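Take a look at the structure below.
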Number of protein chains: 2
Amino acid sequence: MSRRASRRPYVLDEQIGFILRQVVQRHVALFDGLMGGDLTPTQWAALSKLAEVGTCSQNQLGRLTAMDVATIKGVIDRLSARGLTKTSADPGDGRRLLVTLTPAGRERVDQAVSGAFQATEDTLAPLTAPERQTLKALLMKLR
Amino acid sequence: MSRRASRRPYVLDEQIGFILRQVVQRHVALFDGLMGGDLTPTQWAALSKLAEVGTCSQNQLGRLTAMDVATIKGVIDRLSARGLTKTSADPGDGRRLLVTLTPAGRERVDQAVSGAFQATEDTLAPLTAPERQTLKALLMKLR
DNA sequence: CCATAATCGTTTGTATGCATACGACCGGGC
DNA sequence: GCCCGGTCGTATGCATACAAACGATTATGG
């Protein structure tokens, strides 16, 4: 202990960042268990958003799914290698790479939706319905 | 629209996992900005926990900081390469690798604590004090 | 005392996730 | 027509993050 003690000790376990990391860890574990392990949360985000908005450019899809340009590229590369997505040049803009859900991709989305809902459900299982609403509202302010 | 419409459409932006990912992204960005960019949240977790509990084994430190064995090894390797931590064999247990904060490491911790507090503060800035308490309590249930 | 289970650390492979730099391409203004 | 700032995709490097497989060591049960 030094002459001038810190007013508050820094306790890692009380910091919001550390708590958040653990909550995300638990969620990802639940998610992986429910999706058969062949779709990561990130890959699912890309697939489901594609199903939601239809064909769009790679960068645009990245923005919609909160992914860096380098990250979305890796994700789409892997999804395309597995035949779930398909890319093509944008006829109207030589810079853009259009990303499309393949029939197999759409099938996988349809098949995975219930698991995705369940992942959300399981993650929030310790909370009551009002608590879930409160949590979501508070987190929305911190995005 | 198919004959049998889904009861609820899956909207990515409403899923707790997606919201959590964005909150973590914002927190990490704030953290990096405050710590001079030379300490990641994970590295800081290891350092601050070491300062909190003193020397301990690598795996133990991993558990205390919610890191995988492979992850904590990489973190300690990098911190040791920078002279902030030091490892040694446990005299009492040939399996264990003891991790210790070096004087330089302790100095870096002292110097970084205020920034770490500020990162928590900035992350929670959009919330009132009662809201922060509520959020923390709810997240704790989801660890 | 010894066979077996459990723990510890390492290594490899895969997948994010961000920063940076790069070249290609688009639009607007001149 | 042409430069120029902005956008798009690519490539590389670094740092998590976890699973699986492995060898070494320790603890435990009989």
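This one's a predicted model, so the numbers in the text were calculated from it and none came from an experiment. Chain A is the first sequence line, chain B the second, and so forth, proteins listed ahead of strands; every chain is numbered from 1.
- Ranked by how close their nearest DNA chain C nucleotide is to the 5' end, A:Gly94 and A:Thr42 are led by A:Thr42.
- Remark: P of C:dA15 and CG of A:Leu84 are 12 Å apart, rounded to the nearest angstrom.
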Please encode protein proximity along nucleotides 2-9 of chain C as a string of B, S and -, counting only heavy-atom distances under 4.0 Å.
----BBSS

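- Hydrophobic cluster membership for A:Leu64: A:Val53 (Ile, Leu, Val, Met, Phe, Trp, Tyr linked by side-chain heavy atoms under 4.5 Å, directly or transitively).
- Neither A:Phe31 nor B:Leu142 shares a network with the other; the hydrophobic side chains, linked directly or stepwise wherever heavy atoms of I, L, V, M, F, W or Y lie under 4.5 Å apart, form separate groups for each.
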Run the side-chain donor-acceptor check on residues 66-78 of chain A: report pairs under 3.5 Å with partners two or more places apart or on a different chain.
residue	atom	partner	partner atom	Å
A:Asp68	OD2	A:Ala70	N	3.1
A:Lys73	NZ	A:Asp77	OD1	3.4
A:Lys73	NZ	A:Asp77	OD2	2.8

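- Checking each of B:Leu139, B:Leu138, B:Ile16 against A:Leu127 for a side chain to side chain contact (heavy atoms under 4.5 Å, CB included) leaves exactly one that passes, namely B:Leu138.
- Comparing A:Gly92 and B:Arg21 by the nucleotide of DNA chain C that holds the closest heavy atom to each, the one mapping nearer the 5' end is B:Arg21.
- The distance from atom CG of A:Leu39 to atom P of C:dA15 is 11 Å, rounded to the nearest whole Å.
- B:Lys141 is linked by a side chain to side chain donor-acceptor pair (under 3.5 Å) to A:Glu131, counting only residues two or more places apart in sequence or in another chain.
- Under a 3.5 Å cut-off, the side chain of A:Ser57 and the backbone N or O of A:Leu97 do not form any donor-acceptor pair.
- The ring pair (Phe, Tyr, Trp, His ring centres under 6.0 Å) pairs that include a residue from residues 104-143 of chain B are A:Tyr10-B:Phe117, where partners are two or more places apart or lie in different chains.
- Per the geometry, CG belonging to A:Asp77 stands 11 Å off P belonging to C:dA15, to the nearest Å.
- Between the side chain of B:Arg21 and the main chain of A:Thr65, a donor-acceptor pair closer than 3.5 Å is present.
- The side chain to side chain donor-acceptor pair (under 3.5 Å) test applied to B:Asp90 returns no partner, not counting sequence neighbours.
- Residues from residues 24-37 of chain B that place a heavy atom under 4.0 Å from any atom of DNA chain D: there are none.
- Residues from residues 43-56 of chain A that place a heavy atom under 4.0 Å from any atom of DNA chain D: there are none.
- When the side chain to side chain donor-acceptor pair (under 3.5 Å) test is applied to A:Thr120, the partners found at least two apart in sequence or on another chain are B:Gln15.
- Looking at residues two or more places apart in sequence or on another chain, you find a side-chain contact (heavy atoms from CB on, under 4.5 Å) between B:Leu101 and B:Leu47, B:Leu50, B:Ala51, B:Thr85, B:Arg106, B:Val109.
- Within the structure, ring pair (Phe, Tyr, Trp, His ring centres under 6.0 Å) contacts touching residues 46-100 of chain A (residues at least two apart or in different chains) do not occur.
- Residue-to-nucleotide proximity on DNA chain D shows that, of B:Ala70 and B:Gly74, the 5′-proximal contact is made by B:Gly74.
- Nearest-nucleotide positions on DNA chain D place B:Arg82 closer to the 5' end than the other of B:Arg82 and B:Met67.
- Following rounding to the nearest Å, B:Asp68 (CG) and C:dT10 (P) show an atom-to-atom distance of 13 Å.
- In this structure the side chain of B:Gln43 never reaches within 4.5 angstrom of the side chain of B:Arg108, judged on heavy atoms.
- Of all nucleotides in DNA chain D, those with any atom nearer than 4.0 Å to a heavy atom of chain B start and finish, going 5' to 3', at D:dA15 to D:dT26.
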